[in-house]
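If you read the sequence from its start, that first residue is 1, and numbering goes on from there.
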Amino acid sequence: MTARAALLTAVLAACGSSQRARMYPAGSDKDDGYGDLAQKSARLLIGDGSDAALPPHRSRRARADAAYGGDPYGGATDGDDADTDDVDVDDLIDARGGASGSGSRYTPELGLTGVIEGTVTWRGPPPRPVTTACGAVPGLHVTTNRAVAGVLVYIEHVDVGRTLPTLGRPLAVGGVVAKRGCALGPAVQILTPVPADLAIHGDAGEARLRVTLPDSTRLVDLQPAGRVVVPVQTGVTRIEAEDGSLAAAWVVASDTPYYAITDDRGRFRLDELAAGTYEVTFWRPPPAAVTAGKLSYGAPAIVHRAVRVDAARPARLDLALP
């Protein structure tokens with residue numbers, strides 16, 4: 001090896017050693033590259049669609065906001081709107097992971113053992129199947145033992161609740177409706193946390209949809225194999241065909257850590273509850289009726305029941321819907 005080559009090799013080795021010495025853990029204030037890769041991986045996993053790298057001088061809070069999809073509540077955490085380095089990432093995660101949303105924040109607590117479980121049944125003759133010019137329309141699912149599937153069960157207000165398995169933002173649940181033949185489905189779902197976006201996916205046929213939000217109504221055109229996105233706020237949103245040809249879908253948007261959909265045997269379970277008294281809401285879509293060849297709906301069945309929960313044994317809450 002020539003003296004010039006040996007000198008170049010020594011310089012490159014020194015540079016490499018220097019670079020390795022300056023590598024810091026992802027998310028630290030002195031992070032100069034390694035954290036960018038970790039952030040990109042987090043964005044790919046969570047799917048916020050962003051791939052812009054953050055400069056190394058950004059604070060821990062800004063770095064966490066970008067890596068985990070930003071502030072899901074549209075503002076600063078705990079009223080702090082300053083982007084400063086004295087905000088710890090762990091504090092940021094605790095504040096958001098234990099928040100059930102705007103106006104519905106609760107205190108997260110580990111090791112909660114309270115449970116509410118029960119069964120929803122149907123009282124009286126089950127609703128008759130409905131058929132339109134499009135074809136058979138899915139109706140209320142009542143089994144031979146009168147169990148009712150597809151009933152939403154949730155607790156809307158809590159002071160102390162379970163911690164959510166999140167990385168800086170609450171776990172998103174729901175938010176997708178699909179057109180399949182003569183129906184939009186699922187018939188009912190919960191969407192949390194809010195505000196959030198509702199994605200409506202099409203099949204081989206086109207449709208003009210009416211989306212009835214808590215405070216407004218929108219008409220959207222769903223192209224074959226298309227997709228439209230509608231912002232949703234707290235409350236109930238109904239999606240149906242403008243001409244009444246499709247079975248409707250309902251989306252209940254609520255900031256709550258406790259929710260379930262009854263299974264084919266009508267069963268549900270809400271666990272990791274603190275001891276106390278809770279108001280449980282049962283929400284069932286209304287059966288469809290045909291009026292002048294179009295599907296129409298009455299009011300949904302909404303039932304509230306109070307139940308006392310302790311840590312020693314599960315609380316039983318059964319309901320027979322009229």
Side-chain angles (χ1 to χ4, degrees), residues 112-131 136-158 161-162 173-174 177 183-192 212 214 234-240 247-291 295-322:
L112 300 177
T113 58
V115 173
I116 301 173
E117 59 186 13
T119 302
V120 178
T121 55
W122 184 261
R123 187 172 60 231
R128 295 180 178 179
V130 173
T131 302
V137 174
L140 188 66
H141 186 184
V142 179
T143 63
T144 54
N145 64 347
R146 297 187 178 274
V148 183
V151 176
L152 173 62
V153 185
Y154 65 100
I155 301 171
E156 192 163 9
H157 301 292
V158 294
R162 65 182 182 181
V173 174
V177 168
L184 295 159
V188 63
Q189 64 179 286
I190 192 164
L191 174 56
T192 184
T212 304
T234 301
V236 179
T237 296
R238 185 170 76 180
I239 306 97
E240 59 191 327
W250 279 261
V251 177
V252 179
S254 175
D255 281 317
T256 174
Y258 299 111
Y259 42 81
I261 301 287
T262 56
D263 63 12
D264 287 344
R265 297 174 63 182
R267 300 172 303 180
F268 71 91
R269 179 182 173 94
L270 305 172
D271 53 16
E272 295 184 78
L273 289 153
T277 299
Y278 295 90
E279 183 179 85
V280 179
T281 299
F282 297 83
W283 203 102
R284 177 186 60 79
V290 178
T291 304
L295 291 171
S296 61
Y297 299 90
I302 304 174
V303 179
H304 303 285
R305 289 288 185 271
V307 60
R308 176 70 186 174
V309 173
D310 61 41
R313 60 184 182 276
R316 187 75 190 179
L317 182 58
D318 297 320
L319 178 69
L321 287 173

Is a side-chain N or O of [X] found less than 3.5 angstrom from the main chain of [Y], in a donor-acceptor match?
X: Y258; Y: E272; result: yes
X: T262; Y: V148; result: yes
X: T121; Y: R146; result: no
X: T192; Y: S254; result: yes
X: R162; Y: P257; result: yes
X: D271; Y: V115; result: no

Between [atom1] of [X] and [atom2] of [Y], what distance do you get to the nearest 0.5 Å?
X: R308; Y: L317; atom1: CZ; atom2: CG; result: 14.5 Å
X: L319; Y: R123; atom1: CG; atom2: CZ; result: 8.0 Å
X: D318; Y: R267; atom1: CG; atom2: CZ; result: 12.5 Å
X: T281; Y: H304; atom1: OG1; atom2: NE2; result: 4.5 Å
X: L295; Y: E240; atom1: CG; atom2: CD; result: 9.0 Å
X: L273; Y: Y278; atom1: CG; atom2: OH; result: 5.0 Å

Original post:
In this structure, are over 12 heavy atoms from other groups packed under 6.0 Å from R265 atom CZ?
Top reply: no
For the student: nearest non-hydrogen atoms of [X] and [Y], plus distance:
X: T113; Y: A311; value: OG1-CB, 3.2 Å
X: Y297; Y: A247; value: OH-CA, 3.3 Å
X: G266; Y: A147; value: N-CB, 3.7 Å
X: P214; Y: G235; value: CG-CA, 3.9 Å
X: P186; Y: A249; value: O-CB, 3.4 Å
X: P285; Y: V188; value: CG-CB, 3.7 Å

**OP:** Report the C-alpha separation of W283 and V236 in whole Å, then their side-chain angles, then the decisive distance to 0.1 Å, and conclude whether the side-chain contact (heavy atoms from CB on, under 4.5 Å) test is met.
**Re:** CA-CA 11 Å; W283 203 102; V236 179; 3.9 Å; yes
Original post:
What class does the angle between the rings of F268 and F282 fall in, given that below 30° is parallel, 30 to 60° is tilted and above 60° is perpendicular?
Top reply: perpendicular
Within a strict 4.5 Å, meaning less than it, do heavy atoms of the [X] and [Y] side chains meet?
X: V290; Y: V137; result: no
X: Y259; Y: V252; result: no
X: V153; Y: V280; result: yes

Subject >> Check against side-chain contact (heavy atoms from CB on, under 4.5 Å), V251 and Q189 >> reply: CA-CA 5 Å; V251 177; Q189 64 179 286; 3.9 Å; yes
Subject >> side-chain contact (heavy atoms from CB on, under 4.5 Å) between E117 and R316, intermediate numbers included >> reply: CA-CA 5 Å; E117 59 186 13; R316 187 75 190 179; 4.1 Å; yes
Original post:
Out of V309, I116, V307, which residue meets the side chain to side chain contact (heavy atoms under 4.5 Å, CB included) rule with I155?
Top reply: I116
